[in-house]
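A short write-up of the structure that comes next.
Each chain gets a letter, A, B and so on, in the order its sequence line appears, and its residues count up from 1. Basis for what follows: all heavy atoms, side chains included, without hydrogens, waters or symmetry-related copies. This structure is a prediction, so every number in the text was calculated from the model and none was measured.
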Amino acid sequence: MPELAEVEYYRRRWDAGLHAPVTRVLVHPKAGVFKTTSHAVLVRHLTGATLLSSEAAAKQMLFRFAAADHTPLWLGIHLGMTGELTVQPAAHTPRKSDHLVLVQPDRALVFTDPRMFGRVLFHHGPDAPAWWTSIAPAVLSPAFTPAAVADFLRRRARTPIKPVLLLQERFPGIGNWMADEILWRAAIHPRRPAGSLTPAEIKTLHRETRFVATHALRIIGSSTAATLPDPPKTWLFPHRWADGGTCPKTGAPLVREDIGGRTTCWSPARQTL
DNA sequence: TCCTATGTTGTATG
DNA sequence: ACATACAACATAGG
């Protein structure tokens with residue numbers, strides 16, 4: 001489920017464990033989410049460590065810990081397609097899809113991911129690891145300019161705009177539903193070759209990317225609700241999944257097709273080739 | 001049974 | 001080297 005705003009929503013759940021020590025670390029015996037991380041190293045370093053702070057960038061999360069000997073520890077989590085962070089009672093027994101459980105005196109911080117497309121990354125030492133520092137500048141940062149978008153689209157000129165919006169090197173945090181939402185608001189057909197967008201359309205695309213990111217973070221990312229909130233009915237989001245959905249701007253039927261390997265939803269009444 | 005799923009990466013080809 | 005397209009990863013739910 002997780003794109004930019006959902007990642008932020010899940011990150012904040014683990015705020016419950018800030019400033020508390022980790023008394024036990026449970027890792028799934030054959031979890032595929034520890035792709036480049038050794039279970040033993042993770043358990044050895046995190047046991048006895050204290051959670052200091054966390055941040056989200058794009059679709060990644062960083063949890064900073066201090067080891068018992070004060071060594072800075074960096075725990076990275078990517079939720080993949082089906083990952084979630086939850087908070088459970090301290091006595092929590094790991095379920096089938098619970099890959100990492102950080103037990104604290106009053107709770108357990110759990111990373112669960114049935115489909116195992118997620119990732120756990122780990123680093124110890126004073127300097128931030130490359131997997132964190134090399135994330136592209138956020139779409140809400142000053143570095144995300146119309147000119148930067150124009151450059152990027154020029155290099156991907158023959159590719160349909162939809163899959164281009166999913167490329168994390170320029171649109172960090174944008175995923176399938178946000179990409180469709182942006183194109184729908186910008187009134188751009190998802191099959192338009194990236195190189196065919198006019199300067200005015202690129203400006204609009206840039207503006208709507210920021211709009212969707214800003215409001216998704218406000219509605220979803222800032223929420224403390226027990227379940228993930230949905231964007232309002234005035235957005236494409238609530239109408240895009242089921243057959244027979246209609247465009248909230250025009251009332252016309254929506255269309256769904258595979259573009260670049262992902263199901264894409266658009267409103268033919270607003271978005272034409 | 002078959003199809004779908006809010007993601008990324010490796011590989012083949014141009 | 002770069003751009004492009006697509007299979008593969010693994011599982012649950014309709």
Strictly by modelled atom types, are Thr263(A) and Arg256(A) linked by a side-chain donor-acceptor pair under 3.5 Å?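 Note: Thr263(A) and Arg256(A) side chains miss the donor-acceptor criterion.
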
Taking atom types as modelled, is there a side-chain donor on Thr214(A) or Arg210(A) under 3.5 Å from an acceptor on the other?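 No, no side-chain donor-acceptor contact under 3.5 Å.
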
Roughly, in whole Å, what's the span from [atom1] in [X] to [atom2] in [N]?
| X | N | atom1 | atom2 | value |
| --- | --- | --- | --- | --- |
| Asp258(A) | dG7(B) | CG | P | 14 Å |
| Ile259(A) | dA5(C) | CD1 | C1' | 14 Å |
| Leu79(A) | dG7(B) | CG | P | 11 Å |
| Ile161(A) | dA3(C) | CD1 | C1' | 15 Å |
| Arg256(A) | dT4(B) | CZ | P | 10 Å |
| Leu153(A) | dT4(C) | CG | P | 11 Å |
| Met81(A) | dT9(B) | CE | C1' | 13 Å |
| Lys162(A) | dT4(C) | NZ | C1' | 17 Å |

Measuring only the P atom in each nucleotide, how far is dC6(C) from dT4(B)? A whole number of Å is fine.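 Nearest-Å result for dC6(C) against dT4(B) at atom P: 16 Å.
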
P-based separation of dA10(C) from dT11(B) [nearest Å]: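 To the nearest whole Å, 15 Å.
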
Ionic contact status for [Y] with [X], cut-off 4.0 Å:
| X | Y | result |
| --- | --- | --- |
| Lys162(A) | Glu181(A) | no |
| Arg13(A) | Glu84(A) | yes |
| Arg64(A) | Glu55(A) | yes |

Heavy-atom side-chain contact between Leu121(A) and Leu62(A) under 4.5 Å: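 In short, these two side chains do not touch, never coming nearer than 4.5 Å.
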
Side chains of Glu6(A) and Leu228(A): closer than 4.5 Å at any heavy-atom pair?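 Side chain of Glu6(A) against side chain of Leu228(A), heavy atoms only: contact under 4.5 Å found.
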
So if I define the base as every atom that isn't primed, P, OP1 or OP2, how would nucleotides 6-14 of chain C read as a B/S/- string at a heavy-atom cutoff under 4.0 Å? ---BBBS--

Which residues in residues 164-195 of chain A have at least one heavy atom lying under 4.0 Å from any atom of DNA chain C?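 Within this stretch, nothing sits under 4.0 Å of the strand.
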
Please determine if a side-chain N or O atom of His78(A) lies less than 4.0 Å away from the OP1 or OP2 oxygen of dG7(B).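 Checking His78(A) against dG7(B): no side-chain N or O falls below 4.0 Å of OP1 or OP2.
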
Distance test, side-chain N/O of Thr263(A) to OP1/OP2 of dA5(B), below 4.0 Å: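 Yes, Thr263(A) has a side-chain N/O under 4.0 Å of OP1/OP2 on dA5(B).
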
Counting side-chain heavy atoms from CB outward, which of dA3(C), dG7(B), dT9(B) is closest to Arg119(A)?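 It is dT9(B).
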
Would you please test His189(A) and Trp266(A) for ring-ring contact (aromatic ring centres under 6.0 Å, His included) and show each step? CA-CA 7 Å; His189(A) 194 288; Trp266(A) 73 95; 4.8 Å; yes

Dot-bracket for DNA chain C, please, read 5' to 3', with Watson-Crick or G-U wobble pairs under 3.5 Å on both distances, ( ) within the strand, [ ] crossing, | other strand, . unpaired. .||||||||.||||

Applying a strict under-4.5 Å side-chain criterion to I, L, V, M, F, W and Y, I'd like to know whether Trp241(A) and Trp184(A) cluster together.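 Trp241(A) does not cluster with Trp184(A).
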
Should we count NZ of Lys249(A) as having more than 12 external heavy atoms under 6.0 Å?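 Atom NZ in Lys249(A) is packed in, count exceeds 12.
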
More than 12 heavy atoms from other groups under 6.0 Å of CZ on Arg24(A):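 No, CZ of Arg24(A) has 12 or fewer neighbouring heavy atoms, counting only those of other groups under 6.0 Å.
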
Apply side-chain hydrogen bond (donor to acceptor under 3.5 Å, both in side chains) to the pair Asp113(A) and Thr82(A), showing each step before the final yes or no. CA-CA 6 Å; Asp113(A) 179 13; Thr82(A) 52; 2.6 Å; yes

